[in-house]
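A quick write-up on the structure given underneath.
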Amino acid sequence: MGGACLMIGAKQLLMASAAFVLSWSHSVEKTGWQENWVVRQDGLKLVEARVRGSGAGMDPGDGARLQDGWWVWPVDGPPIPKLVLAASGATAGGWSLCHDGGCTILGAEPGPPVILQPCG
C-alpha cells in the first residue's frame with residue numbers, strides 16, 4: 001500500500017502507508033475501542049473495528065471474534081468523504097491516531113470538531 005496524505009483540520013499529515021488506526025476510550029464504559037482506516041482518493045474507508053468488552057453503545061459488529069481480549073470484526077462499507085470527531089472532552093484523553101510514523105492525540109480538550117479527510 002502506497003503513501004497517503006491525511007488532512008487533520010487545516011494540517012496535512014503525510015504517511016508512508018495509507019493505513020491508520022484511530023483509538024479511544026468509550027466515554028461511558030471507559031473501555032478501549034479501535035478502528036483501522038485506509039486513506040483513499042474517494043474518501044476514508046473503515047476496514048476493521050475492535051472493542052474491549054461490550055456495553056452502552058459498544059456492541060461488537062457482525063462476524064465479531066474474540067481475539068486477545070478484544071472483539072474484532074471486519075467492516076465493509078463505502079468510503080466516507082470525511083470523518084468528524086466531536087471534541088467534547090468527554091472521552092478520556094481524546095482520540096489517538098497512529099500510523100507508520102507515530103501517534104497523534106486529537107480532540108483531548110473541549111473545542112470545535114476535529115475533521116479528518118484525504119488531502120486535495
Side-chain angles (χ1 to χ4, degrees):
M1 198 174 294
C5 179
L6 180 66
M7 293 296 297
I8 302 173
K11 295 182 181 180
Q12 288 186 350
L13 174 63
L14 299 176
M15 302 182 299
S17 166
F20 68 92
V21 176
L22 192 62
S23 59
W24 67 95
S25 291
H26 189 274
S27 60
V28 175
E29 299 292 336
K30 309 295 186 216
T31 58
W33 191 291
Q34 298 178 343
E35 296 177 340
N36 290 5
W37 290 85
V38 176
V39 180
R40 300 173 17 160
Q41 284 187 319
D42 59 347
L44 303 175
K45 179 151 177 53
L46 177 60
V47 295
E48 184 178 78
R50 293 177 293 289
V51 63
R52 192 177 283 282
S54 61
M58 297 179 37
D59 297 325
D62 291 340
R65 67 193 184 289
L66 191 57
Q67 181 179 336
D68 298 325
W70 291 83
W71 285 103
V72 181
W73 65 97
V75 179
D76 187 27
I80 59 174
K82 64 182 174 183
L83 179 62
V84 180
L85 306 175
S88 65
T91 56
W95 290 269
S96 176
L97 186 149
C98 295
H99 58 96
D100 51 11
C103 296
T104 302
I105 302 299
L106 307 171
E109 300 296 324
V114 176
I115 299 173
L116 306 178
Q117 59 191 3
C119 297

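- Within the 4.5 Å cutoff, the side chain of W24 has no heavy atoms near those of the L85 side chain.
- No more than 12 heavy atoms of other residues, nucleotides or ligands sit less than 6.0 Å from atom CG of D68.
- Within the model, atoms CZ of R52 and CD of Q34 stand 8.0 Å from one another, a figure rounded to the nearest 0.5 Å.
- Between atom CG of residue L106 and atom OG of residue S96 there is a gap of 8.0 Å, rounded to the nearest 0.5 Å.
- Closest non-hydrogen pair, D100 versus S17, comes out as OD2-N, 2.7 Å.
- Between Q117 and P81, the shortest heavy-atom contact is CB-O, 3.5 Å.
- Nearest approach of G63 to P74, heavy atoms of both residues: O-CD, 4.2 Å.
- Counting only heavy atoms from C-beta outward, the side chains of D76 and K45 approach each other to under 4.5 Å.
- When the side chains of ILVMFWY residues are joined at heavy-atom separations under 4.5 Å, either directly or via intervening members, V114 and W37 end up in a single hydrophobic cluster.
- Taking each heavy atom of A64 and W71 in turn, the nearest pair found is CB-CE3, 3.9 Å.
- Hydrophobic clustering places W33 together with L83 (ILVMFWY residues linked when any side-chain heavy atoms are closer than 4.5 Å, directly or through intermediates).
- A continuous path of ILVMFWY side-chain contacts below 4.5 Å connects L97 to I80, so both sit in one hydrophobic cluster.
- Side-chain contact between L6 and F20: present, with at least one pair of heavy atoms (C-beta onward) separated by less than 4.5 Å.
- Hydrophobic clustering (side-chain heavy atoms under 4.5 Å, transitive across Ile, Leu, Val, Met, Phe, Trp, Tyr) keeps L46 apart from V72.
- Between P60 and V51, the closest heavy-atom pair is CG-CG1, 4.3 Å.
- In this structure, the side chains of N36 and R50 come closer than 4.5 Å at one or more pairs of heavy atoms.
- The two atoms that bring R40 and P118 nearest to each other are O-CG, 3.5 Å, heavy atoms only.
- To the nearest 0.5 Å, the span separating CG on L22 from OG1 on T104 amounts to 11.0 Å.
- Atom SG of residue C5 and atom CE of residue M15 lie 8.0 Å apart, to the nearest 0.5 angstrom.
- Tracing side-chain contacts under 4.5 Å through hydrophobic residues (I, L, V, M, F, W, Y), one reaches W95 starting from I8; they form part of the same cluster.
- The side-chain heavy atoms of L44 and P79, taken from C-beta on, include no pair separated by under 4.5 Å.
- In this structure the side chain of V39 never reaches within 4.5 angstrom of the side chain of L116, judged on heavy atoms.
- Two residues are said to be in side-chain contact when any heavy atoms from C-beta on lie closer than 4.5 Å; M7 and Q12 meet this criterion.
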